[in-house]
Each structure stands twice: as C-alpha cells, then as structure tokens.
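Report on the structure given below.
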Protein chains: 2
Amino acid sequence: MKIQTPPYGHPVEARERLLAAALEQFALRGYAATSVRELCEAAGVTKPVLYYYFKSKEGLFLQLMEETSAILETMIADLANYPGSARERIVHFITEVFNACDQQLPLIKLIYSILFGTPQGAPSFNLEQNYDRILETITGLVEEGIVRGEIARGNVNDIVWTIMACFSVTLEEQLCRCNPRIDGASMVRMLNLVFNGIAPH
Amino acid sequence: MKIQTPPYGHPVEARERLLAAALEQFALRGYAATSVRELCEAAGVTKPVLYYYFKSKEGLFLQLMEETSAILETMIADLANYPGSARERIVHFITEVFNACDQQLPLIKLIYSILFGTPQGAPSFNLEQNYDRILETITGLVEEGIVRGEIARGNVNDIVWTIMACFSVTLEEQLCRCNPRIDGASMVRMLNLVFNGIAPH
DNA sequence: GTCTATATTGAGATAGAC
DNA sequence: GTCTATCTCAATATAGAC
C-alpha cells in the first residue's frame with residue numbers, strides 16, 4: 001500500500017492531525033467503533049482529505065501502527081545501555097521503558113486494544129515486535145548477570161518472564177484504571193522482591 | 001433491563017445457542033465488529049429471535065457478561081480453601097484459577113477484549129470484579145502467611161501484586177499467542193522464583 | 001489539495017403473519 | 001416463539017467542481 005506524501009513545502013498539518021486524531025479516537029473507542037466521520041471531525045478535515053492521504057480507514061490505521069511501532073523500537077534500543085550491576089541495569093531499563101510508556105498511554109492503550117482486544121475488523125499488524133524486543137533485552141541483561149555471578153544460576157526464561165510480569169501488570173494497571181493501585185515505584189519494589197525473594201531467609 | 005425468560009417446559013435451545021454464539025463471536029471479532037446477522041447465523045436463528053430474548057444486541061452482551069461473571073465469581077470462591085502452608089495454598093490457588101481460565105479461554109478473551117480493548121461501543125459493565133476477587137483472595141493468603149511466619153514481613157500489596165503479575169502475564173500469553181512461550185508449569189516455577197528470589201544468597 | 005454532494009452498502013431494529 | 005419482509009439510518013467511499 002503506497003501512501004501519498006504531500007509535496008515539499010506544502011503544509012502537512014492535515015495529514016499529521018489525522019494521524020493524531022486516529023491515535024486518540026482508535027484508543028478511545030476502538031477501530032471498528034470509530035467512524036471516518038468522527039475521525040475527520042476530530043482532525044478538523046473533511047472526508048476526502050483522509051482518503052487522499054491514506055486511501056482508506058484501513059490505510060490510516062496501518063500507517064499509524066507503522067510509525068508508532070518504529071518510535072517504540074528505537075526507544076527500547078536506546079535504553080539498553082546503562083552502567084552498573086545487572087540488577088541496577090535491569091531495574092533501570094524496566095523503569096525507563098515503563099516511564100516512556102506511561103507518558104504515551106494513549107498509544108499503548110491502542111496497541112493493547114488491538115493485541116488483547118480482538119481484531120475488531122482492524123487489519124492485522126505485527127504488534128508483538130515491541131514486546132518481544134523488551135523480552136530480548138531483558139534476556140541479554142539476565143544472561144550477563146548470571147555470567148557475572150550477580151544473578152543466581154537458573155532457568156533464564158523463567159527469570160525473564162518474572163521480571164516482565166512485574167512490568168506488564170503495572171503497565172496494564174495504568175491502562176485500565178483511572179486511579180492505578182500500583183505505579184512505577186511499586187514496580188521497582190516488586191522487582192526488589194523478585195531479586196530478594198519473599199520467603200523468610 | 002428486564003430479560004425475557006422462556007416459559008417453563010419450553011425449549012431454551014435458541015436462547016442458549018445465542019449466548020454461546022455471542023461468547024464466541026464477540027471474543028473472536030469484538031463487540032462492534034460483530035453484526036447481529038453474524039450472531040444469528042452462528043446461532044442458527046433469525047434476527048427476531050435475538051430481539052425477542054434479549055431486546056437488543058446490547059442486552060445480549062450484558063446478559064452474557066452477567067452470567068459469565070457470576071460463574072467466575074463462584075469458581076474463585078470455591079478455590080480459596082485448601083490445606084497446607086501459605087506458600088502451598090497460594091501456588092495451589094493461582095494454579096487452579098489459571099487452569100480454570102485456560103479451559104475457558106474464549107470467555108477470558110472476551111473479558112480482556114472489553115477490559116483492555118476499548119469499549120468499542122459495548123455497554124459498560126464492571127469487568128474488574130473477578131480480577132479484584134482474585135487480588136483479595138491472594139491478599140488473605142499472604143496476610144495469613146506473614147502471621148504464621150511463612151512469608152517474610154513486608155509490604156503486603158507489593159507481594160500480592162508480584163504474585164498476581166506471574167498469573168496475569170502467563171494468562172495473557174495464552175490469550176494472544178497460538179504457541180504460548182510460557183504455561184502453567186512455567187508460572188509455578190516463576191512463583192517459586194518469587195518466593196526464593198533470583199539474587200545469589 | 002480540498003471542498004460539496006452523493007452513491008451504495010450493510011447495520012440495528014421492527015411489523016405483522018403464523 | 002419464530003418466521004418473512006421491510007424500515008431507517010449511518011457507515012465507507014467516491015465523483016467532480018474549484
């Protein structure tokens with residue numbers, strides 16, 4: 001699907017406003033429940049403008065997914081490098097990713113709404129790649145920690161998923177509650193529990 | 001909203017088939033993307049039958065939510081009692097809830113699709129009550145474990161959420177992947193990690 | 001590139017016979 | 001209770017002027 005781009009020097013406002021409106025409206029109401037009319041009203045443009053730039057509602061959706069996924073990808077890659085022990089690096093990485101997601105909640109909400117929330121007629125798009133990148137990064141950090149003796153020997157996958165679990169559950173609490181019962185600080189405490197264990201020593 | 005129930009002795013097949021079809025179709029395609037026509041075709045009935053029993057697509061959805069939520073509620077309550085140490089009881093409870101959910105994946109998928117997947121025009125329904133019941137039950141088990149000295153003293157909420165995280169992330173992996181990378185056995189190992197800690201002692 | 005006006009389809013819902 | 005036939009409306013999408 002070839003997407004038209006406006007000629008150089010022309011205002012791109014309309015196109016950008018449509019993408020922004022799509023992000024907000026799709027995240028708010030879902031893909032199927034958001035009509036082209038609402039999308040255009042929210043963006044302050046008329047319908048033919050949408051079809052001009054994105055060819056269809058589906059095209060707008062795919063373009064939005066592609067652009068935002070690329071943004072997340074580079075963000076995750078940038079956060080992997082940090083000095084300190086394996087434990088410090090893991091906590092730092094997870095915290096930063098969490099904070100970044102927390103500041104882009106509508107975007108994350110949209111991704112979750114497609115990932116967990118049934119296709120709803122939305123065109124398929126590989127939404128798991130960002131999640132997988134986070135998993136890979138944690139795996140690298142854990143493996144390094146084991147080699148250095150900073151993390152106990154054991155099933156790497158289990159360790160990675162346990163860390164991921166703390167991140168996911170905290171993020172999801174932000175997504176579906178206006179007053180989340182846990183936040184970034186709770187998440188760090190949970191990670192500390194995971195490192196230290198909750199059984200009496 | 002008053003829902004009609006068929007007179008005693010009459011066949012309830014049509015009504016039940018509609019509920020089953022609604023569960024499957026809503027979970028598969030989402031609320032907004034599923035049309036009344038598809039619903040009726042899947043149930044093998046005509047449209048007026050749906051409107052006769054449930055008054056509207058919305059009524060069918062609400063009835064489905066109400067019935068399934070009640071089923072989950074009693075299931076959770078039944079699983080709370082089990083002999084053994086706090087650790088054994090927690091692992092047992094989480095495992096049983098997970099297995100029950102795993103056997104009712106379409107249902108869980110539907111709940112998640114509404115909870116995380118934007119309203120999609122679906123009528124609002126308190127979907128968090130089952131989740132909250134699980135949290136409450138774990139909280140009780142953890143508090144008891146601390147009193148008995150089987151769990152180290154600490155922030156109860158952090159402990160509860162860490163346990164919940166292992167459950168959630170495992171369940172969600174079943175929901176959005178055909179080949180889940182973690183399963184019930186992984187979850188138990190993750191819980192053991194949480195109890196013992198991943199840092200070298 | 002952006003508009004007005006419109007084509008076309010399928011949605012949710014109902015009337016009224018049986 | 002279940003059907004056929006139909007109403008109404010809003011959805012996506014486009015034609016064609018400017």
Side-chain angles (χ1 to χ4, degrees), chain A residues 1-22 25-26 28-65 118-124, chain B residues 1-22 25-26 28-65 114 118-125:
Chain A
M1 176 172 309
K2 185 76 181 302
I3 300 293
Q4 290 237 28
T5 47
Y8 183 76
H10 277 234
V12 289
E13 283 182 24
R15 187 176 179 281
E16 298 308 313
R17 278 207 310 274
L18 269 170
L19 282 169
Q25 299 293 312
F26 286 153
L28 204 64
R29 289 194 250 284
Y31 178 81
T34 303
S35 70
V36 170
R37 182 183 52 79
E38 289 169 322
L39 238 28
C40 293
E41 272 178 17
V45 302
T46 55
K47 279 195 279 184
V49 176
L50 186 154
Y51 287 95
Y52 175 78
Y53 283 114
F54 301 102
K55 202 181 138 188
S56 67
K57 179 185 177 184
E58 209 173 289
L60 170 55
F61 173 81
L62 285 174
Q63 187 64 20
L64 178 65
M65 284 296 98
T118 79
Q120 324 170 13
S124 69
Chain B
M1 176 173 309
K2 186 76 178 305
I3 301 293
Q4 289 236 30
T5 48
Y8 183 77
H10 276 235
V12 288
E13 281 183 24
R15 186 175 179 280
E16 299 307 313
R17 278 208 309 274
L18 269 170
L19 282 169
Q25 298 294 312
F26 285 154
L28 203 64
R29 288 194 251 283
Y31 178 81
T34 304
S35 70
V36 171
R37 180 182 54 78
E38 289 169 321
L39 238 29
C40 293
E41 270 178 18
V45 302
T46 55
K47 279 196 280 182
V49 176
L50 186 154
Y51 288 95
Y52 176 77
Y53 283 114
F54 301 103
K55 204 181 134 185
S56 68
K57 180 185 177 185
E58 209 173 289
L60 170 56
F61 173 80
L62 286 174
Q63 188 64 20
L64 178 65
M65 285 294 98
I114 308 294
T118 78
Q120 321 172 17
S124 69
F125 182 83

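Source: prediction; values computed, not measured. In the text below, chain A, chain B and the rest are named by the order of the sequence lines, each starting its count at 1.
What separates NZ of A/Lys55 from C1' of D/dT14 is a distance of 14 Å, to the nearest Å. Taking atom CD of residue A/Glu38 and atom P of nucleotide D/dA11, one finds them 7 Å apart after rounding to whole Å. We find that CD of B/Glu41 is positioned 12 Å from P of C/dG12, with the value rounded to whole Å. Remark: C1' of C/dT14 and CZ of B/Phe54 are 18 Å apart, rounded to the nearest angstrom. B/Leu50 places its CG atom 11 Å from the P atom of C/dT14, with the value rounded to the nearest Å. Between A/Arg15 atom CZ and C/dT2 atom C1' there is a gap of 17 Å when expressed in whole angstrom units. Across the protein-nucleic acid pair, B/Lys47 atom NZ and C/dA15 atom P stand 14 Å apart, rounded to whole Å. One interatomic measurement links the two molecules: CG of A/Leu60 to P of D/dT12, which rounds to 11 Å at whole-angstrom precision.
The two residues B/Cys40 and B/Lys47 have their closest heavy-atom pair at SG-CA, 3.6 Å. Between A/Gln25 and A/Thr34, the closest heavy-atom pair is O-OG1, 3.3 Å. The two residues B/Leu60 and B/Leu18 make their nearest non-hydrogen contact at CD1-O, 4.3 Å.
Comparing C/dT14, D/dA11, C/dA13 by their closest approach to the side chain of B/Lys57 singles out C/dA13. The nucleotide whose nearest atom lies closest to any side-chain atom of A/Val49 is, among D/dT12, D/dT4, C/dT2, C/dT2. When the nucleotides C/dG12, D/dA11, C/dT4 are ranked by their closest atom to the side chain of A/Pro48, C/dT4 comes out on top. In this structure, of C/dT2, D/dT2, D/dT14, it is C/dT2 that holds the atom nearest to the side chain of A/Ala14.
At C/dC3, one or more side-chain N or O atoms of A/Thr46 fall inside 4.0 Å of OP1 or OP2 (strictly under the cut-off). For D/dT12, the OP1/OP2 oxygens have no side-chain nitrogen or oxygen of A/Arg37 closer than 4.0 Å. A sub-4.0 Å separation between OP1 or OP2 of D/dT14 and a side-chain N or O of A/Tyr51 is absent. For A/Tyr53, a side-chain nitrogen or oxygen approaches OP1 or OP2 of C/dT2 to under 4.0 Å.
For B/Lys57 (side chain) and B/Leu50 (main-chain N/O), no donor-acceptor pair under 3.5 Å exists by modelled atom type.
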field: side-chain contact (heavy atoms from CB on, under 4.5 Å) between A/Arg15 and A/Tyr52, intermediate numbers included
entry: CA-CA 9 Å; A/Arg15 187 176 179 281; A/Tyr52 175 78; over 6 Å; no
